[in-house]
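Data block below; observations after.
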Amino acid sequence: MAEQEARFVEDLADMDDFAQWYHAVVRKADMADESPVRGCMIIKPYGYALWEAIQRGLDERIKLTGHENLYFPLFIPMSFLQKEAEHVEGFAPELAVVTIGGGEELTEPLAVRPTSETIIGHTYARWVQSYRDLPLLYNQWANVVRWEKRTRPFLRTSEFLWQEGHTVHRTEEEAEAETLKILNEVYVDFAEKELAIPMLKGRKSTTEKFAGALRSYSMEAMMGDGKALQAGTSHNLGQNFAKAFDIQFLDADGTRKLAWTTSWGASTRLIGGVIMVHGDESGLKLPPRVAPIQVVIVPIWRKDEERALVADAVAAVERDLRAAGIRVKSDWREQTPGFKFNDWELRGVPLRLELGPKDVQKDQAVLVRRDTRAKEFVPRGELAARASTLLTEIQQALFDAALAFRQRRTYQANDFAELAARMADRANLGFVEAWWCGDAQCEAEIKARTQATIRCLPFARSTTATEGACVYCGKPAQEWAVFAKAY
RNA sequence: CGGGGUAUAGCGCAGUCUGGUCAGCGCGCCUGCUUUGGGAGCAGGAGGUCCCCGGUUCGAAUCCGGGUACCCCGACCA
């Protein structure tokens, strides 16, 4: 028995080997499967249900902030990508290109979209005539393809699912406001409230910004191994794409003006984030608000009469919970309760409800939290209310735990030696805040020597000083930067 | 794309060095009985182009050549 248990959890127990643990969770929790195509994954129902929850949460916010959904084609003429110099340089190395269609060589190769700024820019140029047409606030849910050198399930796949928003504005201020609104009111709000992942918000350094953007902003999350995950980006594209695709409008003053555009995206990578932020040695821990199953009912019985008795009680409880808006599932598989307990913990279901003959007798049920494993006996009539309360508490507890972890693993460095030491301490890896002179050279050398990149120049600084010495060169610096190793 | 590792049943593996009763084990799966409040037991059973293509040989999971995919470490990126 002990041996079996050891064998069952062997891959998960060793969280020190985080990469191994991650792969094991993805597979054992039935989130995804491998595909025959390099770098592409099959998202299984349980993983896809989580993605659907993410889509719902983001889509709702995207629409609340005034955007509409539409859809552009998968293929983009190669010439479109070449119109914005920085953009093509950034994406050319990872393009998949179609050269044959219907058995015949195409006159112009078609890129499988790595992102849609170009084809959308081309189209927006026709849609925008007057300042009265602005702003254009559109979003699309799509798949994109980037031929990545190294892939990992959810975190980096050759094909991935995402939403990409593309907007056009009359003024620079309006475009900047849009960019920040998306970051704050859509991405961070969703990630923190629904995924229970605390986010660090900030601006990207020039090196790290989107290819073709004027300024990029991102939200960065700390994973369980202390590495950073860029979880959502919002770009102020300035007039770069408007110039490249000739998006102009006649303004109220009678002059033709170049428009200002933005783009922003969040992807299936968020699923990887949920796994790596909340998971533990028993597997996944899903935030209740996005968990495909919020309460799993494990019925317990010995004899047939008991089973019938329990079945009635389970059906009634299931109805109650469903009526309270809780996503519930009863597990009637022919397995022992112990097996099911472990199985659902592995899948990260926030609350387990045990119901056996003894409970039917006492008109109660047992509720067990996934996060703390705290167990309580609850009278039948109070189950739905208590479950709702617990789900809310778990949601908050997951966020609090993640925030506490990030705070514990966030350091400051005064000089390069301190920064390097932090990045070398694998067991306590995390974010390091430090002054940076703004020189890309310093940024590059830090990266070469420590693997750490500037995740962002955070909006909220943990120092009141406005100036310091660059962590690398020691020269006067005004930028407060967050360094980390990243996925 | 460089360096390292791996590919044998759904999963995890042994066998490969030294070619020939070598198609094996555990878990899982199916059937039956007994079980069921923290990963059940016994009995019987099903399941494999040994990743693919080519070569060497009387004979290849095993040796040689070439692919493909996955994992790890880098460089590149949501």
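Labels below follow one simple rule: chain letters A, B, ... track the order of the sequence lines, proteins then strands, and each chain is numbered from 1.
The residue from A/E178, A/K209, A/E176, A/R203 that alone fulfils the side-chain hydrogen bond (donor to acceptor under 3.5 Å, both in side chains) condition with A/N236 is A/E176. For the salt bridge (Lys or Arg N to Asp or Glu O under 4.0 Å) with A/E345, the qualifying choice from A/R370, A/K285, A/R352, A/R369 is A/R352, the only one to do so.
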For nucleotides 69-72 of chain B, which of its nitrogen or oxygen atoms have a protein nitrogen or oxygen under 3.5 Å away, and what is each distance?
unit_1 : atom_1 : unit_2 : atom_2 : d
B/C70  : OP1    : A/G39  : N      : 2.6
B/C71  : O3'    : A/H23  : NE2    : 3.4
B/C72  : OP1    : A/H23  : NE2    : 3.2

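Using a 4.0 Å heavy-atom cutoff across all strands shown, A/W301 reaches at least one base atom of the nucleic acid. The residue A/K340 sits apart from the nucleic acid: no heavy atom pair falls under 4.0 Å. At a threshold of 4.0 angstrom between heavy atoms, the contacts of A/S234 with the nucleic acid are absent. Across all strands, A/E354 comes closer than 4.0 Å to base atoms (heavy-atom distances). Counting any heavy atom pair closer than 4.0 Å across all strands shown, A/G265 reaches no nucleic acid atom. If you check every strand for non-hydrogen atoms under 4.0 Å, A/T233 touches nothing. Note on A/E148: a base of the nucleic acid sits closer than 4.0 angstrom, heavy atoms only.
Using a 4.0 Å cut-off between charged nitrogen and carboxylate oxygen, A/R333 and A/D343 count as a salt-bridge pair.
Within the 4.0 Å cut-off from OP1 or OP2 of B/U36, not a single side-chain nitrogen or oxygen of A/T336 is found. Of the side-chain N and O atoms in A/K447, one or more sit less than 4.0 angstrom from OP1 or OP2 of B/C76. Residue A/Q451 places at least one side-chain N or O closer than 4.0 Å to OP1 or OP2 of B/G74. When the side-chain nitrogen and oxygen atoms of A/R146 are compared with OP1 and OP2 of B/C77, none of them lie within a distance under 4.0 Å.
Under the 6.0 Å cut-off for aromatic ring centres, A/F210 and A/F91 qualify, their centroids lying closer than that.
Comparing B/G37, B/C77, B/A78 by their nearest atom to the side chain of A/V366 picks out B/G37. Taking the side chain of A/R156 as heavy atoms from C-beta on, and the options B/G37, B/A78, B/C77, the nearest nucleotide is B/C77. Set against B/A75, B/A78, B/G37, the side chain of A/K149 has B/A75 as its closest nucleotide.
Across the strands present, B/A23 finds no partner; the criterion is a Watson-Crick or G-U wobble pair with both atom distances under 3.5 angstrom.
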*Determine, step by step, whether A/E220 and A/K204 satisfy the salt bridge (Lys or Arg N to Asp or Glu O under 4.0 Å) criterion, reporting the C-alpha distance in whole Å, the side-chain angles of both residues, the deciding distance to 0.1 Å, and the verdict.*
CA-CA 11 Å; A/E220 305 278 332; A/K204 284 293 190 182; 2.7 Å; yes
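Contacts with RNA chain B (heavy atom under 4.0 Å) in residues 176-190 of chain A: none are found.
Between B/G12 and B/C29, the distance separating the two C1' atoms is 15 Å to the nearest Å.
Between A/L155 and A/P337, the residue anchored nearer the 5' end of RNA chain B, judged by the nucleotide with its closest heavy atom, is A/P337.
Looking at A/E345, its side chain comes within 3.5 Å of the base of B/G38 through a donor and an acceptor atom.
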